[in-house]
Trainee: 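Sharing a structure here in structure tokens format.
Not measured: the values here are computed from a predicted model.
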Amino acid sequence: QIQLVESGGGLVQAGGSLRLSCAASGRTFSSYSMAWFRQVPGKEREFVAARGWSASQIYYADSVKGRFTISRDNAKNSVYLQMNSLKPEDTAIYYCAAKYGSATMLVAYDYWGQGTQVTVSS
């Protein structure tokens, strides 16, 4: 069992930056693959970035490649999403997710946080 709590969302102007954090409970955090998804009301949840337990597994959605960076700190049981050059279309609720085993870009994660709102004004 793992519990996830996101933080760091807020309101930012286009072109600005935000850093989301996700704190995880559990003693085996390093064995989990972590990901960020986002969702706009009325639309399906969308993959943003994933970071496997192995450093070789890092994936990004094309829409955020070059602007967002996912990282993790196993000593702090945390995963982060650094978001730069934000655009109004990045506005969404951002969710942290975890699964045991390899990372995937599919919505196939077992554990989810409550979400944090990111709003980018034009």
Side-chain angles (χ1 to χ4, degrees):
Q1 190 80 11
I2 188 169
Q3 293 182 326
L4 306 171
V5 179
E6 304 98 333
S7 61
L11 173 64
V12 64
Q13 287 189 332
S17 298
L18 279 176
R19 187 191 193 213
L20 304 183
S21 299
C22 175
S25 65
R27 294 178 294 174
T28 59
F29 174 77
S30 60
S31 300
Y32 284 83
S33 291
M34 305 297 297
W36 290 94
F37 288 78
R38 65 188 183 188
Q39 190 169 22
V40 175
K43 293 189 176 181
E44 292 187 352
R45 195 161 293 191
E46 175 189 29
F47 169 77
V48 176
R51 171 64 156 87
W53 57 267
S54 166
S56 63
Q57 291 188 335
I58 298 180
Y59 309 118
Y60 293 100
D62 288 343
S63 59
V64 307
K65 221 172 265 185
R67 300 187 298 123
F68 291 11
T69 302
I70 187 171
S71 61
R72 65 188 294 163
D73 185 339
N74 289 338
K76 295 183 178 180
N77 277 17
S78 294
V79 63
Y80 308 98
L81 185 68
Q82 178 66 43
M83 306 186 293
N84 299 329
S85 302
L86 282 161
K87 304 175 182 180
E89 51 263 44
D90 293 318
T91 295
I93 300 173
Y94 283 70
Y95 296 90
C96 176
K99 68 182 292 290
Y100 192 78
S102 299
T104 176
M105 293 185 283
L106 302 175
V107 186
Y109 286 74
D110 301 312
Y111 304 99
W112 295 83
Q114 82 289 350
T116 185
Q117 176 71 47
V118 171
T119 303
V120 184
S121 63
S122 56

Trainee: Check whether Ser33 reaches the backbone of Gly101 with its side chain - one donor and one acceptor, N or O, closer than 3.5 Å.
Mentor: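 Yes, the answer is positive, given that a donor and an acceptor are paired below the 3.5 Å cut-off.
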Trainee: I'd like to know if Phe47 and Tyr94 are part of one continuous hydrophobic network [Ile/Leu/Val/Met/Phe/Trp/Tyr, side-chain heavy atoms within less than 4.5 Å].
Mentor: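 No; Phe47 is not reachable from Tyr94 via cluster members.
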Trainee: Judged by atom type as modelled, is there a donor-acceptor pair below 3.5 Å linking the side chain of Tyr109 to the main-chain atoms of Thr104?
Mentor: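 Such a contact is found between Tyr109 side chain and Thr104 backbone.
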Trainee: Calculate, to the nearest 0.5 Å, the distance between atoms OG1 and CD belonging to Thr91 and Gln117 respectively.
Mentor: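 With rounding to 0.5 Å, OG1 (Thr91) is 7.5 Å from CD (Gln117).
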Trainee: Examine Val48 and Met83 and state if one hydrophobic cluster contains both, with Ile, Leu, Val, Met, Phe, Trp and Tyr joined whenever side-chain heavy atoms are less than 4.5 Å apart.
Mentor: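 Yes, it is one cluster - the side chains of Val48 and Met83 are joined through contacts under 4.5 Å.
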Trainee: Should Glu46 and Ser63 be marked as a side chain to side chain contact (heavy atoms under 4.5 Å, CB included) after you check the CA-CA gap, both sets of side-chain angles, and the distance that decides it?
Mentor: CA-CA 11 Å; Glu46 175 189 29; Ser63 59; 4.1 Å; yes
Trainee: Donor-acceptor check, side chain of Gln82 to backbone of Arg19, threshold 3.5 angstrom: yes or no?
Mentor: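 A pair under 3.5 Å: no.
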Trainee: With a 4.5 Å heavy-atom cut-off, do Ser122 and Pro88 have their side chains touching?
Mentor: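 A side-chain contact exists here, since the closest heavy-atom pair is under 4.5 Å.
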Trainee: Are Val79 and Tyr100 connected into the same hydrophobic cluster when the rule is that any two of I, L, V, M, F, W, Y join if their side-chain heavy atoms are below 4.5 Å apart?
Mentor: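 In one cluster: yes.
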Trainee: If every non-hydrogen atom of Trp53 is compared with every non-hydrogen atom of Ser30, which pair is closest and at what distance?
Mentor: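 In terms of heavy atoms, the two residues are closest at CB-O, 3.2 Å.
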Trainee: Show your reasoning for whether side chain to side chain contact (heavy atoms under 4.5 Å, CB included) applies to Gln1 and Tyr111.
Mentor: CA-CA 8 Å; Gln1 190 80 11; Tyr111 304 99; 4.0 Å; yes
Trainee: Determine the minimum heavy-atom distance between Ile93 and Gly115, stating which atoms define it.
Mentor: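 Distance-wise, the nearest heavy atoms are CG2-CA, 3.8 Å.
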Trainee: Quick one, Ser71 with Arg51, criterion side chain to side chain contact (heavy atoms under 4.5 Å, CB included). Give me CA distance, side-chain angles, the key distance, then yes/no.
Mentor: CA-CA 7 Å; Ser71 61; Arg51 171 64 156 87; over 6 Å; no
Trainee: Check this for me: does any side-chain nitrogen of one of Lys65 and Asp62 sit under 4.0 Å from a carboxylate oxygen of the other?
Mentor: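 Judged by the 4.0 Å cut-off on N to carboxylate O distance, Lys65 and Asp62 do form a salt bridge.
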Trainee: Might you confirm whether atom CD of Gln3 has over 12 heavy atoms from other residues, nucleotides or ligands at distances under 6.0 Å?
Mentor: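 Not more than 12 within 6.0 Å, no.
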Trainee: Which value, rounded to the nearest 0.5 Å, describes the distance between Asp90 atom CG and Thr119 atom OG1?
Mentor: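 It comes to 11.0 Å.
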Trainee: Okay, side chain of Glu6, backbone of Thr116: is any donor-acceptor separation there less than 3.5 Å?
Mentor: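 No; zero donor-acceptor contacts below 3.5 Å.
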Trainee: Let me check something: do Tyr60 and Val120 share a hydrophobic cluster, defined by ILVMFWY side-chain heavy atoms less than 4.5 Å apart, either directly or through other members?
Mentor: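 Yes, Tyr60 and Val120 fall within the same hydrophobic cluster.
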Trainee: The test is side chain to side chain contact (heavy atoms under 4.5 Å, CB included); show your working for Cys96 and Trp36 and say whether it passes.
Mentor: CA-CA 5 Å; Cys96 176; Trp36 290 94; 4.0 Å; yes
Trainee: Has Gln39 got a side-chain atom pairing as donor or acceptor with Ala92's backbone, closer than 3.5 angstrom?
Mentor: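 Not confirmed, Gln39 side chain does not pair with Ala92 backbone.
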Trainee: Between atom CG of Leu20 and atom CZ of Arg38, what is the distance when rounded to the nearest 0.5 Å?
Mentor: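 Spacing of CG (Leu20) from CZ (Arg38) equals 11.0 Å.
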Trainee: To the nearest 0.5 Å, how far apart are CD in Gln13 and CG in Leu86?
Mentor: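 It is 11.5 Å, given to the nearest 0.5 Å.
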Trainee: If you group Ile, Leu, Val, Met, Phe, Trp and Tyr by side-chain heavy-atom gaps below 4.5 Å, do Met105 and Ile70 land in one group?
Mentor: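 They do not share one cluster, since no chain of ILVMFWY contacts under 4.5 Å joins Met105 to Ile70.
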Trainee: Taking all non-hydrogen atoms of both residues into account, name the closest pair between Ser17 and Asn84 and its distance.
Mentor: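 Smallest interatomic distance, heavy atoms only, reads OG-OD1, 2.9 Å.
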Trainee: What pair of heavy atoms forms the shortest contact from Val107 to Arg45, and how long is it?
Mentor: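 Heavy atoms of Val107 and Arg45 come nearest at CG2-O, 4.1 Å.
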Trainee: Does the ring of Tyr32 carry Arg72 above it, NZ/CZ under 6.0 angstrom from centre and within 45° of its axis?
Mentor: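 Negative - Arg72 is either too far from the ring of Tyr32 or too far off its axis.
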Trainee: Working to the nearest 0.5 Å, report the span between CG of Leu81 and CE of Met34.
Mentor: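 Here the interatomic distance stands at 11.5 Å.
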